[in-house]
Amino acid sequence: MYGVSVQAVRGRGYRLGQAISWLDPHSLQRLLAGQGHDFSLIHRETVDSTNTQLMVEALSGARHRTVLYADYQTAGRGRRGRSWEVSLGGGLTFSVLWRFEQSISQLSGLSLVAGIAIARALSQISPVPVRLKWPNDVLAGYRKLAGILVEAQGELAGSSFAVIGIGINERLPAQHRQEIDQAIIDFNDLGVKPDRTQLVFSILRELSMLMDVFERQGLTVALSEWPAWHAHEGRQVMIRTPDGGTHEGKVAGLDASGGLLLQLPDGTHRQFSVGEVSLRPRQES
Ligand code: BTN
């Protein structure tokens with residue numbers, strides 16, 4: 001249960017194999033309020049998925065900027081139908097509700113904004129460069145340190161909302177590593193012991209600033225910052241589309257909607273939309 005190791009201590013009982021750093025919700029609220037970032041925090045010990053639960057809260061009227069943080073998820077979800085498994089204390093899992101006056105069609109590129117917010121926050125504590133793999137995997141040393149799952153709902157011509165789910169690897173058990181078909185990394189590999197309260201605060205602060213700009217000006221600012229984070233800019237890559245097709249080419253930046261542009265071998269450019277492709281570099285460095 002919970003995927004944690006427990007050690008027997010002679011004459012004293014049992015203890016966890018690794019000390020767990022818990023989030024302190026009261027300190028987090030204080031830090032956010034102190035800098036004028038208005039979030040409502042829901043703290044749960046165990047949920048199936050913070051995205052699923054925050055979606056339920058959103059549909060029952062939860063306010064804009066509600067954050068649902070869980071110490072443990074029993075059925076965490078990743079992109080493209082994958083699961084996101086974290087042992088107790090092995091990673092951070094939380095979701096943020098953002099309500100928009102704009103329609104859902106205006107939200108493309110939102111996951112890029114979230115990616116930049118997390119990259120900014122993680123780069124403050126990572127000893128190796130943090131980069132983004134399009135659309136929104138957060139890498140440290142070209143291995144995945146954090147993932148984002150954005151789920152949006154709304155009307156085509158009315159208001160909308162998005163649940164932005166964030167998962168960050170702190171200490172992945174060996175068994176989980178074997179099950180994941182991607183190059184991954186955790187804070188333990190990086191020799192970093194993050195203060196969870198500070199880290200969540202730092203992510204929410206960056207998110208708050210970037211989302212305010214996104215609401216007012218759309219993607220322009222995020223797109224200007226994106227190349228500085230982009231792991232594969234100018235590199236030869238292969239894209240696999242959900243229909244099973246594969247496309248090779250050189251990454252040529254993003255278009256105005258946040259789609260990835262590839263220069264194909266015949267010199268033409270082709271755009272791939274958010275959520276429709278997976279990116280696999282031919283060689284990782
Ligand atoms: C990915 O596949 O890269 C996205 C992973 C997103 C995982 C987070 S953990 C918190 C939130 N709740 C979920 O069920 N998923 C997201």
Side-chain angles (χ1 to χ4, degrees), residues 2-3 23 25 28 39 41-59 62 65-98 110-119 121-122 130-140 142-153 161-173 176-177 179-187 194 196 199-200 203-204 207 229 231-232 240 242 260 274-281:
Y2 299 126
L23 177 100
L28 178 58
F39 285 97
L41 185 63
I42 302 173
H43 179 220
R44 299 261 171 85
E45 285 182 7
T46 305
V47 291
D48 49 0
S49 146
T50 58
N51 262 39
T52 305
Q53 286 312 310
L54 190 52
M55 191 57 88
V56 171
E57 299 283 344
L59 293 169
R65 290 169 165 261
T66 298
V67 178
L68 196 148
Y69 177 94
D71 294 323
Y72 184 64
Q73 288 189 141
T74 55
R77 294 183 289 110
R79 289 173 51 236
R80 295 194 289 277
R82 290 184 168 123
S83 63
W84 184 267
E85 289 186 39
V86 188
S87 59
L88 181 64
L92 283 95
T93 51
F94 62 103
S95 302
V96 184
L97 169 64
W98 214 271
L110 176 60
S111 68
L112 302 179
V113 176
I116 292 174
I118 295 162
L122 292 183
V130 171
R131 297 186 177 88
L132 290 168
K133 182 176 117 168
W134 185 87
N136 59 10
D137 282 351
V138 186
L139 313 181
Y142 289 100
R143 293 196 279 156
K144 182 163 170 175
L145 178 62
I148 303 166
L149 176 66
V150 176
E151 296 177 299
Q153 277 200 27
F161 68 84
V163 169
I164 304 165
I166 298 160
I168 304 173
N169 302 330
E170 220 170 326
R171 181 184 287 270
L172 293 163
H176 285 181
R177 285 174 180 261
E179 290 162 5
I180 300 171
D181 60 348
Q182 284 173 302
I184 51 168
I185 195 165
D186 60 22
F187 279 132
R196 287 185 165 194
L199 181 54
V200 174
I203 290 172
L204 292 177
L207 195 62
W229 295 108
H232 303 113
R240 187 172 287 121
L260 185 75
V274 176
E276 287 183 12
V277 300
S278 64
L279 182 65
R280 287 265 189 268

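The figures that follow rest on heavy atoms only: side chains count, while hydrogens, waters and symmetry mates do not. Just follow the structure's listing: the first ligand is 1, and inside any ligand the first atom is 1.
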- For residues Q73 and T50, report the shortest heavy-atom separation together with the two atoms involved. OE1-N, 2.8 Å
- Item | Nearest atoms (heavy-atom pairs only) where I164 meets A114 | CG2-CB, 3.8 Å
Please identify which atoms of ligand 1 are closer than 4.0 Å to at least one heavy atom of [X].
{"X": "T50", "value": "10 (C), 11 (C), 12 (N)"}
{"X": "F94", "value": "10 (C)"}
{"X": "I148", "value": "3 (O), 4 (C)"}
{"X": "K144", "value": "1 (C), 2 (O), 3 (O)"}
{"X": "G76", "value": "14 (O)"}
{"X": "S95", "value": "11 (C)"}

- Note on the structure: For atom 5 (C) of ligand 1, the closest protein heavy atom turns out to be W84 CE3, 3.3 Å
- Message: Considering non-hydrogen atoms of the protein only, which is the closest contact for atom 15 (N) of ligand 1, and what is the distance?
- Response: R77 O, 2.6 Å
- With sequence neighbours left out, the residues meeting salt bridge (Lys or Arg N to Asp or Glu O under 4.0 Å) with E85 are none
- Does R82 reach ligand 1, in the sense of a heavy atom lying below 4.0 Å from it? no
- Residue part near ligand 1, for D137, under 4.0 Å between non-hydrogen atoms: side chain
- Query: If you measure from each non-hydrogen atom of N136 to ligand 1, which part falls under 4.0 Å: side chain, backbone, both or neither?
  - Reply: neither
- atom 12 (N) of ligand 1: of Q73, E151, K133, R79, the nearest heavy atom sits on Q73
- Query: Do N51 side-chain atoms and L149 backbone N/O form a donor-acceptor pair below 3.5 Å?
  - Reply: yes
- Please answer whether the main-chain N or O of A70 pairs with a side-chain N or O of T93 as donor and acceptor at a distance below 3.5 Å. yes
- Note on the structure: Rounded to the nearest 0.5 Å, the CD1 atom of I166 sits from the CG atom of L207 at a distance of 6.0 Å
- Item | side chain to side chain donor-acceptor pair (under 3.5 Å) involving S49 - partner list, sequence neighbours excluded | T52
- Task: With E170 as reference, evaluate L92, D186, L145 under the side chain to side chain contact (heavy atoms under 4.5 Å, CB included) test and give the passing residue.
- Result: L92
